[in-house]
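Predicted, not measured: the structure shown is a model, and the values here were computed from it.
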Amino acid sequence: MACFVVPVAEAVVTSVASHILESKENNSGKITPDNLRFSGKLKWLSKLLWGGSLLLAFEHVWHGEIKPFFPFLTSAESPESFSAMLSEISTVGVGMALTVTTAWIGMLIISGIAEKHKKKSMEEIT
């Protein structure tokens with residue numbers, strides 16, 4: 001129905017936050033590779049959320065649950081289906097957003113370990 005709404009909302013927030021953070025990092029004067037900056041890592045989350053949300057929205061269009069005219073979602077046409085839609089958003093949508101965010105946190109942990117390993121090996125060389 002509308003489970004993709006929560007990941008889209010999180011994607012919007014992370015996109016805006018990454019752009020703001022990137023501009024602050026650029027103005028700070030520190031020169032570091034983009035992949036080491038937190039704004040770059042936040043863009044990973046944003047891309048994961050946008051990609052998954054677009055795929056889900058396409059699936060909902062494919063199954064006729066989204067239409068090109070108001071109210072856009074077929075589940076928003078009656079009070080009974082609207083209640084079911086809100087229930088799905090609060091359970092499935094939040095669950096999907098949390099799963100993607102948890103996967104991103106795992107990516108951060110792995111990249112942090114790799115960055116420390118690379119820094120340590122570079123120190124050993126010099």
To the closest 0.5 Å, what do you measure between [atom1] ([X]) and [atom2] ([Y])?
X: Arg37; Y: Ser18; atom1: CZ; atom2: OG; answer: 12.5 Å
X: Glu10; Y: Ser53; atom1: CD; atom2: OG; answer: 8.5 Å
X: Leu21; Y: His19; atom1: CG; atom2: NE2; answer: 11.5 Å

Sequence neighbours excluded, which residues qualify as side-chain contact (heavy atoms from CB on, under 4.5 Å) partners of Glu59?
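Checked Glu59 against side-chain contact (heavy atoms from CB on, under 4.5 Å); matches are His63.
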Examine distances only and state if a side-chain atom of Thr99 and a backbone atom of Gly95 form a donor-acceptor pair shorter than 3.5 Å.
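Yes; at least one donor-acceptor contact below 3.5 Å.
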Whether the side chain of Ser87 engages the backbone of Ser83 through a donor-acceptor N/O pair (distance < 3.5 Å, no angle test) should be reported.
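A pair under 3.5 Å: no.
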Among residues at least two apart in sequence or on other chains, which ones pass ring pair (Phe, Tyr, Trp, His ring centres under 6.0 Å) with Phe82?
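Not a single residue meets the ring pair (Phe, Tyr, Trp, His ring centres under 6.0 Å) criterion with Phe82.
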Using the test side-chain hydrogen bond (donor to acceptor under 3.5 Å, both in side chains), find all partners of Ser15 that sit at least two apart in sequence or belong to another chain.
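Ser15 satisfies side-chain hydrogen bond (donor to acceptor under 3.5 Å, both in side chains) with Ser46, Trp50 only.
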Under the side-chain hydrogen bond (donor to acceptor under 3.5 Å, both in side chains) test, residues paired with Ser90 that sit two or more places apart
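Residues passing side-chain hydrogen bond (donor to acceptor under 3.5 Å, both in side chains) with Ser90: none at all.
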Give the cluster check for [X] versus [Y]: same hydrophobic cluster or not, with ILVMFWY residues linked at side-chain heavy-atom distances below 4.5 Å.
X: Leu98; Y: Leu55; answer: no
X: Val12; Y: Phe4; answer: yes
X: Val13; Y: Val5; answer: no
X: Phe38; Y: Leu49; answer: yes

Exercise: identify the closest heavy-atom pair between [X] and [Y]:
X: Val100; Y: Leu48; value: CG1-CB, 3.8 Å
X: Thr14; Y: Leu45; value: CG2-CD2, 3.7 Å
X: Val6; Y: Ala97; value: CG1-CB, 3.9 Å
X: Ile66; Y: Ala57; value: CD1-O, 3.8 Å

Report, one line per pair, each donor and acceptor closer than 3.5 Å where one atom sits in a side chain of residues 103-111; sequence neighbours left out.
| from | atom 1 | to | atom 2 | distance (Å) |
| --- | --- | --- | --- | --- |
| Trp104 | NE1 | Lys41 | O | 2.7 |
| Ser111 | OG | Met107 | O | 3.3 |
| Ser111 | OG | Leu108 | O | 3.1 |

Do the side chains of Met96 and Leu56 get nearer than 4.5 Å, heavy atoms only?
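Touching, per the 4.5 Å side-chain cut-off.
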Is the shortest side-chain heavy-atom distance between Cys3 and His60 below 4.5 Å?
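Yes, side chains in contact.
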Hydrophobic cluster (4.5 angstrom, side-chain heavy atoms) - remaining members for Leu54
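Answer for Leu54: none, a lone residue.
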